[in-house]
Amino acid sequence: MELLYHLLPDTTNLQLKRWQFDKGQGTITLIVSAVQTVINCPVCNHPTHRIHSRYERKLTDLSWADYSITLQLRVRKFFCINTLCKRRIFTERLTSVTAPWARRTLRLAQRLSAIGLSLGGAAGVRLSQHWGIKVSRNTLLNLVRSIPLPPIVTPHTLGVDDFCFRKCKTYGTALIDLEHSRPIALLKDAKAETLAEWLKAHPGVKVVSRDRSKTYESGIRQGAPEAIQVADRFHLLQNLFQTLEQVFGTHAKALKEVEKQVFNTDTKALKEVETAHNLSLIAVAEANPCPVVPRFPQNTSLKRKVQSAKARARRREIHEQVWSLRSIGLSVQVIAQSLGVAKNTVSNYLRCSTFTERRERSDQGLSLLNPYQDYLLSRWNSGNYNTQKLFEEIRACGYTGSYATVSRFTRYLKTLHRFEPAKGSTKNVSPRISSSSHRPLTPSRVTALVLRRPELTQPNPTFFCICSIQYS
Ligand SMILES: [Zn+2]
């Protein structure tokens, strides 16, 4: 009994009367009474001793071993004796045990809040079940939402950006303390007035980093007119990325040429580039003595090629018409109506006066054969040129593609004479398809290569060839 008394959530204000143990149900019920001597009215804080009535509350507490614990708590109602107070009768508060009207003890609520904070709703429920705590996902989330926020210290450097509650429907504003890299407030909308109000209520911001939105510009001007407004790094880089992508898009032929050169690069070509640009590419070539097989071309039918060429010619024609109509001063809407195309198409074409080639498909170069190409190459270099046999071998390993694809691949290997071992040669050459050689050189990939941080950029022949073409 004494041990149970020490396990109560508050040993000063609670008195253990008796307890019930139900082994079958796995429950322990503790019957306790509140024995506070000083009771204050929650409205006027006036002390009182006049008891109105008594009633019982049931509170779930932390489990003990495999037993769930319920506190059957006997508490009182009091009269407020302050005649000026608007509250006549109030219930006894036990601030160290539980919140008013709560069905669980504070310590259990704190435990659940910690679970909810770490794991969220669904995962939190799964862990709680393992610990013998019955709780719903919404309860966990409500507990997390009810945790009071820490006080905000207004930063000198503030980041402002929008975020969506519902994409394309409702937006809010996120405010970030850029000195400590942490969010400090979420505003209910992305309006200038709301931001201005927040800035007025939190004076002291000296620099505000934002996107190029006119709304935020106006909000900052109203709320913190003395703060310096700067463009944030993300949007500057994003703009640079989009511009570079557009520029590289107009040099699609040059990129294809680069891709071809890189995949056919031999030591001689590397030497030439190295001499021209004083770069140590030979080291790269020597570090990778296996010759690289160019990207396995896609199976594009003649009909599809013709269709693709026709579509490209049509796009090019529209691009020229858009620019000629623009040169006589027509608006985007009028151009779109006269050419019978969407306004977005006209706007896209007007972004760049040079015709931009379409991007390659993102799945270009992906084939069911890809995982087996290294194996096929090693078998090929060991002198196994029988397509049917190779097909059966990889099918036994799990290949689910067709014989025609394997046949196309082996025909392709035959065209690469320099990789075919001489008859009777004992030298085992094992060319490998490097993963990078399989990725098409799209404008976005070239842009990423150019913008990548220098410390993350490995010596890459593709990159140096791009530079050489751009500079020449
Ligand atoms: Zn009162």
Side-chain angles (χ1 to χ4, degrees), residues 1-2 4-20 27-64 68-117 133-136 138-154 184-188 194 197-198 200-203:
M1 190 80 171
E2 194 183 339
L4 293 181
Y5 167 75
H6 286 291
L7 291 173
L8 290 176
D10 183 344
T11 50
T12 313
N13 294 314
L14 296 181
Q15 190 178 49
L16 181 63
K17 298 289 183 187
R18 61 181 196 280
W19 56 283
Q20 293 165 358
T27 57
I28 298 173
T29 308
L30 306 173
I31 295 99
V32 289
S33 292
V35 289
Q36 293 183 104
T37 48
V38 182
I39 312 295
N40 292 329
C41 166
V43 176
C44 66
N45 206 31
H46 200 282
T48 182
H49 58 274
R50 283 188 61 202
I51 297 173
H52 169 273
S53 57
R54 295 173 198 276
Y55 69 104
E56 275 188 0
R57 290 177 68 179
K58 277 193 176 176
L59 300 172
T60 312
D61 195 16
L62 293 173
S63 308
W64 298 351
S68 61
I69 303 297
T70 305
L71 295 184
Q72 200 169 307
L73 180 62
R74 196 166 171 76
V75 280
R76 299 158 288 181
K77 283 186 182 177
F78 288 88
F79 289 106
C80 179
I81 54 173
N82 180 2
T83 49
L84 299 174
C85 181
K86 62 179 181 182
R87 179 71 56 89
R88 302 311 313 146
I89 301 161
F90 64 89
T91 55
E92 182 176 12
R93 264 60 168 172
L94 285 160
T95 49
S96 58
V97 179
T98 183
W101 308 288
R103 299 284 188 90
R104 60 181 69 85
T105 56
L106 277 183
R107 58 187 185 183
L108 175 61
Q110 284 164 358
R111 178 77 57 88
L112 291 173
S113 301
I115 293 173
L117 265 182
I133 306 171
K134 286 179 189 169
V135 67
S136 74
N138 285 332
T139 304
L140 280 183
L141 296 179
N142 286 336
L143 282 168
V144 170
R145 287 190 195 109
S146 65
I147 297 172
L149 293 171
I152 298 173
V153 178
T154 309
I184 51 169
L186 297 176
L187 307 186
K188 61 181 179 182
T194 315
E197 272 172 32
W198 191 92
K200 280 176 192 165
H202 300 84

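Counting convention: from 1, in listed order, for ligands and their atoms alike. Heads up: numbering here begins at 1 and tracks the sequence. The shown structure was predicted, so the numbers you read here are calculated from the model rather than taken from an experiment. Because only heavy atoms are used, hydrogens play no part in the values below, and waters and symmetry mates are left out as well, while side chains stay in.
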Going by atom type alone, with no hydrogens or angles, which donor-acceptor pairs under 3.5 Å involve a side-chain atom of residues 43-53 and a protein atom two or more places apart or on another chain?
from, atom 1, to, atom 2, distance (Å)
Thr48, OG1, Arg50, N, 3.4
Thr48, OG1, Phe79, O, 2.7

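- Excluding waters, the protein N/O/S atoms found under 2.8 Å from the Zn ion (ligand 1) are Cys41 SG, Cys44 SG, Cys80 SG, Cys85 SG.
- Applying the salt bridge (Lys or Arg N to Asp or Glu O under 4.0 Å) test to residues at least two apart or on different chains, the pairs with a partner in residues 76-98 are Arg76-Glu92.
- At a threshold of 4.5 Å between non-hydrogen side-chain atoms, the residues Asp61 and Arg107 count as touching.
- In this structure, the side-chain hydrogen bond (donor to acceptor under 3.5 Å, both in side chains) partners of Asn13, at least two apart in sequence or on a different chain, are Asp10.
- Contact check for Arg104 versus Ile133: no side-chain heavy atoms found under the 4.5 Å cut-off.
- A donor-acceptor pair under 3.5 Å is absent between the side-chain atoms of Arg57 and the main chain of Leu71, judged by distance alone.
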